[in-house]
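Report on the structure given below.
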Amino acid sequence: GAVVSQHPSWVICKSGTSVKIECRSLDFQATTMFWYRQFPKQSLMLMATSNEGSKATYEQGVEKDKFLINHASLTLSTLTVTSAHPEDSSFYICSASGTDKLAKNIQYFGAGTRLSVL
Amino acid sequence: EDKVVQSPLSLVVHEGDTVTLNCSYEVTNFRSLLWYKQEKKAPTFLFMLTSSGIEKKSGRLSSILDKKELFSILNITATQTGDSAIYLCAALYNQGGKLIFGQGTELSVKP
């Protein structure tokens, strides 16, 4: 099956610092990557959609200057939480889909990153 | 407003039981319905259903979509403790590849 790797799995940072999370598709070309946020006991909330080589499309209510997304290649997207504050503490998950038969229209998920902001 | 609703929100059964998880949706520009299993971290893909009335099966799991009544069910027969997880259903939009998720059903299988 399609494999998506997300790193780091857990990060603790001080308030005001920035944190970068990486999402890689390991065995397919991810034309589209998605970033979600998940609160405890809740479902996944889409934050933004990014297509390779173009600017990300953010969902309503998501601050694009706070959550910077880069999708510079067909296998890598990054999410940078800038000037993180305790309310940004959450579980962030990426997913990727591609155009080949394995990944067409199906999003494959990374293992997620737990961010704790002190 | 588009939405996906799952029921029940939680379920506790014993090993060997059969369970049915429900997912209803109201989504404009609907393309497909997907089911995922989320244990501790990443949701893992189970099924994608695009056509109505065609059952998809994988081992003890099966699923079917009713596009007229706008719902899907996920069946798990002869449940095992390893089936304990949160099961998520999501509607795929026709364009852009976006998913809208339901709240999830937390299944707990007791020995």
Side-chain angles (χ1 to χ4, degrees), chain A residues 1-10 21 23-26 28 30-52 54 56-60 62 71 91-99 101-114, chain B residues 1-11 21-25 27 29-51 56 58-59 61 63 65 85-108:
Chain A
V3 180
V4 175
S5 170
Q6 188 172 340
H7 177 81
S9 57
W10 190 22
I21 302 169
C23 181
R24 292 178 186 273
S25 58
L26 299 186
F28 67 101
T31 48
T32 309
M33 285 186 166
F34 304 84
W35 288 94
Y36 294 86
R37 187 170 177 175
Q38 188 176 33
F39 292 102
K41 300 290 185 182
Q42 293 188 28
S43 194
L44 285 80
M45 299 299 295
L46 180 65
M47 297 174 66
T49 303
S50 79
N51 292 296
E52 184 262 340
S54 59
T57 302
Y58 290 80
E59 295 299 302
Q60 198 170 10
V62 177
H71 189 169
F91 191 57
Y92 294 87
I93 310 182
C94 72
S95 71
S97 66
T99 55
K101 195 176 182 180
L102 179 65
K104 192 172 183 181
N105 293 322
I106 297 172
Q107 291 183 27
Y108 291 92
F109 285 83
T113 298
R114 183 157 305 283
Chain B
E1 187 182 332
D2 293 344
K3 60 181 178 180
V4 176
V5 178
Q6 291 185 246
S7 65
L9 294 181
S10 66
L11 190 55
L21 309 182
N22 304 294
C23 175
S24 65
Y25 63 92
V27 173
N29 293 314
F30 171 85
R31 183 187 184 114
S32 302
L33 195 290
L34 286 78
W35 283 95
Y36 288 87
K37 177 183 181 182
Q38 186 176 24
E39 294 177 83
K40 292 190 177 175
K41 292 187 176 178
T44 53
F45 170 74
L46 295 175
F47 298 111
M48 181 167 75
L49 304 151
T50 303
S51 300
K56 290 214 171 177
S58 175
L61 277 67
S63 185
L65 174 68
I86 296 173
Y87 290 84
L88 297 165
C89 76
L92 174 69
Y93 286 96
N94 213 8
Q95 287 185 336
K98 281 171 51 171
L99 290 173
I100 177 171
F101 280 87
Q103 323 94 299
T105 292
E106 185 171 12
L107 174 65
S108 179

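Throughout, protein chains are lettered first and strands after them, A, B, ... in sequence-line order, and every chain is numbered starting at 1. The model shown is predicted, which means the values in this text are computed figures rather than measured ones. No hydrogens, no waters, no symmetry mates; every other heavy atom, side chains included, goes into these values.
- Here B/Pro43 is the residue among B/Ser32, B/Pro43, B/Gly104 with the most heavy-atom pairs under 4.5 Å with chain A.
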Pairs under 3.5 angstrom only: tabulate donor-acceptor contacts from the side chains of residues 44-52 of chain A to other protein residues two or more places apart or in another chain.
residue: A/Ser50; atom: OG; partner: A/His71; partner atom: ND1; Å: 2.9
residue: A/Asn51; atom: OD1; partner: A/Thr32; partner atom: OG1; Å: 2.8

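- With a 4.5 angstrom heavy-atom cutoff, A/Gln38 touches chain B only via side-chain atoms.
- Checked options B/Leu88, B/Val4, B/Ile86; the residue passing with A/Ser43 is B/Leu88 (criterion: side-chain contact (heavy atoms from CB on, under 4.5 Å)).
- Contact of B/Leu34 with chain A is made through the side chain alone, with heavy-atom distances under 4.5 Å.
- With a 4.5 Å cut-off on non-hydrogen atoms, A/Thr57 does not touch chain B at all.
- A/Gly110 and B/Ala42 make their closest contact through O-CB, 2.7 Å (heavy atoms, listed as atom of the first residue, atom of the second, distance).
- Residue contact with chain A, scored on non-hydrogen atoms closer than 4.5 Å, involves the side chain of B/Phe45 exclusively.
- The minimum heavy-atom distance between A/Phe91 and B/Gln38, with the atom names listed, is CE2-NE2, 4.4 Å.
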